[in-house]
Student: 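One structure coming up, written as C-alpha cells, with questions to follow.
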Amino acid sequence: MKEFVVCYTLENEIKREKIMKEIDVKKEEVVQEILEKIEQSKYFIAKGDQEDYWINSSLIRYVRVLHDKGLSRYSHHSVSRE
C-alpha cells in the first residue's frame, strides 16, 4: 500500500487527510479523484489523524497531494481552485 497526504487549504485553515492506495496508483490519479470529489459534493468528510472533518467544498482554495514517505518537497502535486 502507498500512503498519500492531502492538504486542503480553506479560507482560514488547513485540513490534512491521509489516503491509502494500491502501490501502483500514481499521485496524478489521487489528485484527479480528489478534484472529482470536490466537484461532485458540496460537503465531504476528510479523515484526519486525530479526527474526521466535514469540509465545505466551496471553501477550498488550494489542494496539495504529497507522498507520505519522506514528504519530500519534490514529491507533491498542487492544484489551485481560484
Side-chain angles (χ1 to χ4, degrees):
M1 297 296 285
K2 194 188 273 188
E3 191 170 75
F4 295 91
V5 175
V6 182
C7 301
Y8 302 97
T9 301
L10 309 176
E11 288 184 348
N12 58 357
E13 62 186 325
I14 296 174
K15 300 290 187 185
R16 289 178 179 80
E17 174 181 36
K18 287 193 178 184
I19 298 177
M20 298 296 292
K21 294 291 183 184
E22 296 297 324
I23 195 76
D24 60 339
V25 173
K26 296 179 182 173
K27 186 174 21 178
E28 292 78 15
E29 294 172 298
V30 175
V31 170
Q32 188 61 39
E33 180 182 316
I34 297 298
L35 291 177
E36 288 172 8
K37 177 170 66 171
I38 291 169
E39 289 176 2
Q40 294 172 1
S41 304
K42 186 172 181 174
Y43 294 91
F44 63 92
I45 297 175
K47 299 190 178 291
D49 284 338
Q50 304 295 323
E51 60 184 298
D52 295 347
Y53 307 101
W54 276 102
I55 295 181
N56 180 338
S57 296
S58 67
L59 299 179
I60 297 173
R61 298 294 171 244
Y62 191 77
V63 177
R64 185 175 189 182
V65 177
L66 305 158
H67 285 282
D68 192 34
K69 188 176 184 179
L71 295 179
S72 164
R73 67 181 180 156
Y74 300 110
S75 65
H76 71 276
H77 189 96
S78 302
V79 177
S80 176
R81 293 197 63 226
E82 297 185 284

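Everything numeric here is computed off the predicted structure, so don't read it as measured data.
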Student: For Ile23, what are the other residues in its hydrophobic cluster, where any two members join if their side-chain heavy atoms are less than 4.5 angstrom apart?
Tutor: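 So far as hydrophobic clustering goes, Ile23 is joined with none.
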Student: Identify, with sequence neighbours excluded, every residue that meets salt bridge (charged side-chain N to carboxylate O under 4.0 Å, His left out) alongside Glu13.
Tutor: Lys15
Student: Distance-only, no hydrogens or angles: does the Thr9 side chain make a donor-acceptor pair with backbone N or O of Arg61 under 3.5 Å?
Tutor: no
Student: With Glu22, which residues qualify under side-chain hydrogen bond (donor to acceptor under 3.5 Å, both in side chains), at least two apart?
Tutor: none
Student: Taking side-chain hydrogen bond (donor to acceptor under 3.5 Å, both in side chains) as the definition, give me every residue that meets it alongside Glu36, ordered by chain and number, with sequence neighbours left out.
Tutor: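 Glu36 satisfies side-chain hydrogen bond (donor to acceptor under 3.5 Å, both in side chains) with Gln32 only.
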Student: Sequence neighbours excluded, which residues qualify as salt bridge (charged side-chain N to carboxylate O under 4.0 Å, His left out) partners of Asp52?
Tutor: Lys47
Student: Under a 4.5 Å cut-off applied to non-hydrogen side-chain atoms, are Val6 and Val63 in contact?
Tutor: yes
Student: Ignoring hydrogens, what is the shortest heavy-atom contact between Ser57 and Ser41? Give both atom names and the distance.
Tutor: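 That closest heavy-atom pairing would be OG-O, 2.6 Å.
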Student: My understanding is that only residues two or more places apart in sequence, or in another chain, count here; which of them pass salt bridge (charged side-chain N to carboxylate O under 4.0 Å, His left out) with Lys37?
Tutor: Glu17
Student: Would you give the length of the straight line joining atom CD1 of Ile38 to atom OG of Ser58, rounded to the nearest 0.5 angstrom?
Tutor: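 Here the rounded value is 11.0 Å.
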Student: Nearest 0.5 angstrom please: Asp24 CG to Glu29 CD, how far?
Tutor: 7.5 Å
Student: Only counting residues at least two apart or in another chain, list the ones meeting side-chain contact (heavy atoms from CB on, under 4.5 Å) with Lys21.
Tutor: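 Here the qualifying residues are Phe4, Ile19, Val25, Val30, Glu33.
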Student: Which pairs, with at least one residue in residues 22-45 and sequence neighbours excluded, count as a ring-ring contact (aromatic ring centres under 6.0 Å, His included)?
Tutor: Tyr8-Phe44
Student: State the CD1-OH distance between Ile45 and Tyr53, to the nearest 0.5 angstrom.
Tutor: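 The CD1 atom of Ile45 sits 13.0 Å away from the OH atom of Tyr53.
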Student: Write down the atom of Leu66, the atom of Cys7, and the distance for their closest heavy-atom approach.
Tutor: CD1-SG, 4.1 Å
